[in-house]
Amino acid sequence: MPTFFRTAAALGLAGLLTTVAQGALAQDKTSIEWWYANGGRIEEAIQTMISDFNESQDKYEVVGVRKGNYEETFAAMIAAYRAGKHPAIIQATERSVLTMLHSNAIVPVNTLMEDNGIDMKKDDFLPSVAAYYVVDDKVNALPFNSSTGIMWYNADHFKAAGYDAPAETWDAFEEQLYALKDKGVTECAMVLNSDYVWSLIEAYSTINDQPFGTQANGRDGLDTEYVYNTTMVTKQAERLKKWVDDGIVQLSGQGASPSQLFNSGTCSTWSASTASHAGVEAEAQFDWSATMQPYEAGVEPKNSNLGGAALWVLKGKEDAEYEAAAAFLEYVAQPDTQAWWSATTGYIPVTHAAYDKLKTDGFFKEHPTREIALLQLTRGGEPSDNSWGMRFGNSNQWWAVIQEELQAAFTGQKTVQEALDSSVERGNKILRQYEQLNAGVN
Amino acid sequence: MPASINPAHQGGRLAAPSLPASRLLLARMLRDDGTGLKKAHYTQTWLAGLLLSPQLLILLFFFFIPSFKALSLAFVQVDPFGGREIFVGLQNFVDLFSDPSYRKSAWLTLWFTIVQNIATLGIAGVLAFATDQIIRGQVGYRSVLLLPYAIAPVISGGIWAYLFNPAIGPAASALHAMGVPWDPNLRPSDALILITISAVWKHICYDYIFLAAAMLAVPQSLREAAAIDGAGPLERFRTISLPLIAPVVMYLFIINMVYGLFDTFSIIDAVTAGGPAGSTSTLVYKVYQDGFIMMNLGSSAAQSIVLMVLAVLFTVLQFRAMDRKVNYQV
């Protein structure tokens, strides 16, 4: 018995010493926080990436904290910034690029890297990705989880209806959707994703080379105005409304998720981010596939729009913390990390080097759907003023407005044109407010 | 010190004109108005002040300072990071009141609050009345009724959203089987019904506790006397119990109003997220959406002020009602 106690005491002491030693070790490390917004499988990948980084060296420690979805994370960051308790790194969506650029609260990633002697050039990144985050040749944020919407489909359903794959043009695709329903293959030919404004409206405008707003979609000036109520986008909105009325498209609503409706084999098609790969690959028990988004007959399709988020570095930190942030961002941008991240999640690799690595590894041969987003983002050659992307102030306010107005059209309270007109009118008011507040700020 | 507990003496001393103004004010605040502790409990006003200070400090930090900040934000346009501010005067309020969707939201809130209020009181009243009639399993009956109160609003909202989801919800498919074209995603009235049901379900237990307690407090002798006179259970309830529990009903009515106005936001967020087309976006949900999702802090602050005025109004109403009618020594 005494031996037992002695052993136990010794073990306890050893444990205590180890804890103390680890504590001391942790003290030496510079610790920084990174607030991110992804949940589920993507979050698991983020945590793996962070612990891999922490184990790869012993000078820095990154602590990843999920603060809810993108909006909640952004709101938490704003509150924390005002109180001086913000993280060093924040993940923010492409929709908040202008707000971040004008915030006077960021350290451009370019500057951060230069200060810490790390080489990072804008040409490292794929052009369609860089377009959003590079302003005046400066990389302001590190593109992290970049994506674009692709057309997912249930190949079993398409076979049953006598088709190989979704058609390339919207009109032919529409015929297929009606056939899927009429032939009794499915009750739900398409499920509308919660961010369909991005994947079916904005993407439609980009792919069909339509101006969404003046001033090259906001890139060339804050006096931009929305014009999508006068372009082919109205046709797309009318089409969606018709599909809602005819029961072709299903809105998942609260209490169910669109991914669930596709992954369970209920709905035949789903226009959603390429980042859905992680979920679809794990959950779908049928012959699923994906293809590029359709375009209008007679149009030469251009590239699609970027989505996802980037990593921004915030002001007000110590030099040591910036050193840690720079080291971490360098790690994230490495071809190996990028290739692993892309393979694990379905987000696209953001650098040429990582894309090339995945190609030479033969990754896309094994997983052809993984390359669709990349091919779609580079379709149609050099991006035009309409297709390069979008940069509108307070875009998240407009986002709520357009959803509300389109819902009003879907529920029959307004005609589609009325809804679009009203959303443009309200959207332009939002743009003027943004202009008033931010004119003259870099 | 018999003199110190003599109210007349106390009153005379406090009214002395030689006292400093601040002390006079405090004295006035402590003046006996027939409710609460008698002022005679305190011979020295500083002691009363000291005892009040924790509460006052909490109010200062959690009410007055935030309110002041909100008040100041309502008159500016501000960038979310707080770096730039433009004074815009009453523009935020003008925008608000000229916005048709805000007016729509106000009417919706009124409808929702009143329907929710009456439904909650009605159902809780019936259940509380039934408590007395149940002889076996009273404990089980009460526990089941109190359960919803223990469930977080977001969770209960999620459950309702799932049950009535037109694509996968069991309750929705039952409705479809009966031929009801139920779809809260596309039919605003369905969405409104759904948030009302969820809000009522969550709040019945609160009203139930109060009403059951109030009914228990109705003297048995009165009811027995009525019974001997030949009044049935319903008759006894109407003529004896109801008048006696009226003050509690009044109190609950105001509390339900406040609940409907302010506390239903998380339920709405989970059940409909304000949709479709803003048809379930109540005033408090708009504050959240405009402020925290859209980062339109100026407008959100202006809306908060409108709601604050409403809240103050209800509080005054509540105190009035309680002063007049509620007797806690039932």
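Below, chain A is the first sequence line, B the second, and so on; all start at residue 1.
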Test: A/Glu33 and A/Lys67 ion pair at under 4.0 Å: no

Among A/Leu420, A/Asp421, A/Asn428, side-chain contact (heavy atoms from CB on, under 4.5 Å) partner for A/Val424: A/Asn428

Interface moiety of A/Leu251 toward chain B, non-hydrogen atoms closer than 4.5 Å: both

Stepwise side-chain contact (heavy atoms from CB on, under 4.5 Å) test for B/Phe61 and B/Leu57: CA-CA 6 Å; B/Phe61 283 108; B/Leu57 278 177; 4.1 Å; yes

Part of B/Leu194 within contact of chain A (heavy atom distance under 4.5 Å): neither

Under 4.5 Å from a heavy atom of chain B, the part of A/Tyr81 involved: side chain

Side chain / backbone / both / neither for B/Ala191 at chain A, heavy atoms under 4.5 Å: neither

Side-chain heavy atoms of B/Asp95 within contact of A/Lys429, under 4.5 Å: no

Mutual orientation of the aromatic rings belonging to B/Tyr149 and B/Tyr206 [parallel < 30°, tilted 30-60°, perpendicular > 60°]: tilted

Check: A/Trp399 ring centre within less than 6.0 Å of A/Trp198 ring centre: no

Choice from B/Ala167, B/Gly157, B/Gly158, B/Gly169 maximising heavy atom contacts with chain A below 4.5 Å: B/Ala167

Toward chain A: residues of residues 278-295 of chain B with heavy atoms under 4.5 Å: B/Gly278, B/Tyr288, B/Phe292, B/Ile293, B/Met294, B/Met295

Residue A/Glu72 versus chain B: region with a heavy atom under 4.5 Å: side chain

Flag side-chain contact, heavy atom, 4.5 Å: B/Leu121 against B/Gln116: no

Residue, of A/Arg82, A/Gln436, A/Met77, A/Gln260, that accumulates the most heavy atom pairs under 4.5 Å with chain B: A/Arg82

Best-contacting candidate, A/Glu405, A/Gln254, A/Arg426, against chain B by heavy atom pairs under 4.5 angstrom: A/Gln254

Residue selection (most heavy-atom pairs with chain A, distance under 4.5 Å) from B/Gly298, B/Ser101, B/Ala273: B/Ala273

Short N-O contact, A/Glu238 and A/Lys241, less than 4.0 angstrom: no

Residues B/Asp99, B/Arg103: salt bridge by 4.0 Å N-O rule: no

Residue part contacting chain A, namely of B/Asp269, when any heavy atom lies under 4.5 Å: backbone

Positions in residues 170-186 of chain B that reach chain A, provided some heavy atom is under 4.5 Å away: B/Asn185, B/Leu186

Chain B contact via A/Phe74 - which portion, at a heavy-atom distance below 4.5 Å: both

Approximate separation, where rounding is to 0.5 Å, of B/Ile255 CD1 and B/Thr120 OG1: 12.5 Å

Ring center gap for A/Trp398 and A/Tyr226 short of 6.0 angstrom: yes

Toward chain B, the part of A/Gln433 with a non-hydrogen atom under 4.5 Å: side chain

Contact origin within A/Gln403 toward chain B - heavy atom pairs under 4.5 Å: neither

Value rounded to 0.5 Å, distance of OH in B/Tyr208 from CG in B/Leu127: 7.0 Å

Whether B/Phe75 and B/Phe93 hold their rings parallel, tilted or perpendicular, with breakpoints at 30° and 60°: tilted

Distance in Å, A/Arg95 CZ paired with A/Tyr70 OH, rounded so as to fall on 0.5 Å steps: 11.5 Å

Greater than 12 external heavy atoms within 6.0 Å of A/Lys317's NZ: yes

is_close_aromatic(B/Phe262, B/Phe314), centroid dist under 6.0 Å: no

